[in-house]
Q: 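I am attaching a structure below and will ask some questions about it afterwards.
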Amino acid sequence: MSYFYITTHLNGYVLDIPGCNRENGVKIITYPKNSPPSDNQLWKFDYQPDGTFLIISKLHGKVLDCGGQTQGTELIMWDRHGGNNQRFRKEGNHIVSLSGLTLDIQGGNTAPGAHIILWSRNNPPSNNQKFDSEPHGHHHQPQPTSYPSQPAYPGYPPQPAYPQPGYPSQPTYPPQPGYPQSGYPPQSGYPPQPGYPSQPGYPLQPGYPPQ
């Protein structure tokens, strides 16, 4: 199960168990985020079948407890029992108890160590009642607006650009010797061949009619 910071919109501080105190009844405060991260500022949400959830500390497994359901009640840590004063629901950026009162940084105090109480939801909404859950180890990675050009593959020389528009004209080849470029020369007639002498007639053969 992932752990989260619970971060206030008021000043970016997070919910903190002061001094990593492991006793029941310790009051929750807001405090700047520790570096390196510490377990007393990390929480997980254990959702119940009815959609509510318990807020469990990574430090010792105790849970966030209202200690009461009246306006001004301070939030404390207590052993888990799953009663109504340990169950919450999320409504937008508000963490709301089953009494309908919301988590509130008392008096809008921006100093480290301010206490968390239950209070009626302000109208208009105020940042001392707004919280976000920020995954532990989460870092925002901005997306590039453009991608870098890819390097050319090694071993292939760059190809020369062709002039625009069209491709360059191809060089003409020189005329070949003996063949004028304006067509082939007329062929001279062959000299007349001497006639063959007439063949002497064959003597008539006896019994055959003349040819």
Side-chain angles (χ1 to χ4, degrees), residues 1-110 112-141:
M1 186 178 292
S2 298
Y3 285 92
F4 298 82
Y5 296 102
I6 299 176
T7 308
T8 171
H9 284 212
L10 181 64
N11 54 11
Y13 288 177
V14 299
L15 296 195
D16 178 290
I17 301 170
C20 294
N21 193 319
R22 295 175 175 271
E23 299 298 321
N24 282 337
V26 173
K27 297 177 181 180
I28 299 302
I29 63 172
T30 61
Y31 205 78
K33 191 184 296 182
N34 292 330
S35 180
S38 56
D39 290 351
N40 64 316
Q41 294 184 342
L42 294 173
W43 312 83
K44 64 182 177 181
F45 302 96
D46 185 7
Y47 281 87
Q48 305 301 300
D50 63 356
T52 62
F53 52 84
L54 283 70
I55 303 175
I56 303 172
S57 170
K58 187 178 181 182
L59 178 66
H60 42 40
K62 295 181 187 292
V63 300
L64 203 62
D65 188 300
C66 296
Q69 294 289 338
T70 58
Q71 185 152 284
T73 298
E74 293 185 301
L75 269 74
I76 61 174
M77 297 305 302
W78 201 266
D79 292 328
R80 176 175 179 166
H81 55 69
N84 287 348
N85 56 319
Q86 295 184 344
R87 297 167 78 163
F88 301 88
R89 63 180 183 272
K90 196 79 183 293
E91 295 181 1
N93 296 114
H94 295 83
I95 299 174
V96 182
S97 74
L98 293 191
S99 67
L101 300 175
T102 188
L103 269 63
D104 178 292
I105 300 172
Q106 189 172 23
N109 188 348
T110 59
H115 288 179
I116 305 296
I117 62 173
L118 293 180
W119 200 258
S120 300
R121 193 178 303 186
N122 293 331
N123 188 15
S126 57
N127 285 337
N128 68 312
Q129 294 184 341
K130 294 181 179 181
F131 298 87
D132 287 326
S133 55
E134 177 189 338
H136 172 225
H138 173 75
H139 298 285
H140 175 65
Q141 180 65 41

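Just so you know, residue 1 is the first one in the sequence shown, and it goes up from there.
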Q: Evaluate the criterion side chain to side chain contact (heavy atoms under 4.5 Å, CB included) for residue pair D46 and F53; output intermediate values, then yes/no.
A: CA-CA 5 Å; D46 185 7; F53 52 84; 5.8 Å; no
Q: Do P37 and Y5 touch side chain to side chain, with heavy atoms closer than 4.5 Å?
A: yes
Q: Before you tell me yes or no, could you show the steps for I95 and I55 under side chain to side chain contact (heavy atoms under 4.5 Å, CB included), namely the whole-Å CA-CA distance, both residues' side-chain angles and the distance that decides it to 0.1 Å?
A: CA-CA 10 Å; I95 299 174; I55 303 175; 4.3 Å; yes
Q: Drop me the distance from T102's OG1 to I117's CD1, to the nearest 0.5 angstrom.
A: 10.5 Å
Q: Show your working on side chain to side chain contact (heavy atoms under 4.5 Å, CB included) between V26 and I76 and close with a plain yes or no.
A: CA-CA 5 Å; V26 173; I76 61 174; over 6 Å; no
Q: Is there a side chain to side chain contact (heavy atoms under 4.5 Å, CB included) between V96 and R121? Walk through the geometry before answering.
A: CA-CA 9 Å; V96 182; R121 193 178 303 186; 3.5 Å; yes
Q: Report yes if some heavy atom in the side chain of E134 is under 4.5 Å from a heavy atom in the side chain of V14; otherwise report no.
A: no
Q: Would you indicate whether the side-chain heavy atoms of M77 and L59 approach each other to under 4.5 Å?
A: no
Q: Given side chains that start at C-beta, do those of T73 and L101 come closer than 4.5 Å, heavy atoms only?
A: no
Q: Would the number of heavy atoms belonging to other residues, nucleotides or ligands and lying under 6.0 Å from OH of Y31 be above 12?
A: no
Q: Measure the CH2-CG distance between W43 and D16 for me, rounded to the nearest 0.5 Å.
A: 8.0 Å
Q: Parallel under 30°, tilted from 30 to 60°, perpendicular over 60°: which one fits the rings of F45 and F4?
A: tilted
Q: Just verifying a value: how many Å separate R80 CZ and K62 NZ, rounded to the nearest 0.5 Å?
A: 13.0 Å
Q: Side-chain contact, heavy-atom cut-off 4.5 Å: C20 with D39?
A: no
Q: Can you tell if the side chain of D65 reaches within under 4.5 Å of the side chain of H81, non-hydrogen atoms only?
A: yes
Q: What distance separates S57 OG from I28 CD1, expressed to the nearest 0.5 Å?
A: 7.5 Å
Q: Please name the pair of heavy atoms, one in G25 and one in W78, separated by the smallest distance, quoted to 0.1 Å.
A: N-CE3, 3.6 Å
Q: Which heavy atom of F88 sits nearest to which heavy atom of L64, and what is that distance?
A: CE1-O, 3.7 Å
Q: Rounded to the nearest 0.5 Å, what's the gap from CG on D79 to CD on Q86? Could you check?
A: 8.5 Å
Q: Restricting to non-hydrogen atoms, name the atom on C66 and the atom on L75 that form the minimum distance, rounded to 0.1 Å.
A: CA-CG, 4.4 Å
Q: Near K58 NZ, under 6.0 Å, is it more than 12 heavy atoms from other residues, nucleotides or ligands?
A: yes
Q: Might you point out which heavy atoms bring N85 and G67 nearest each other, and give the distance in Å?
A: ND2-N, 4.1 Å
Q: Measure the CD-CG distance between Q69 and N84 for me, rounded to the nearest 0.5 Å.
A: 7.0 Å
Q: Would a 4.5 Å heavy-atom cut-off, applied to side chains only, mark Q129 and L10 as touching?
A: no
Q: H115 and side chain to side chain donor-acceptor pair (under 3.5 Å): which single residue from Q106, E74, K27 fits?
A: E74
Q: What closest approach, in Å, do I105 and A114 show between heavy atoms, and which atom pair accounts for it?
A: CG2-CB, 3.8 Å
Q: Within a strict 4.5 Å, meaning less than it, do heavy atoms of the N128 and D104 side chains meet?
A: yes
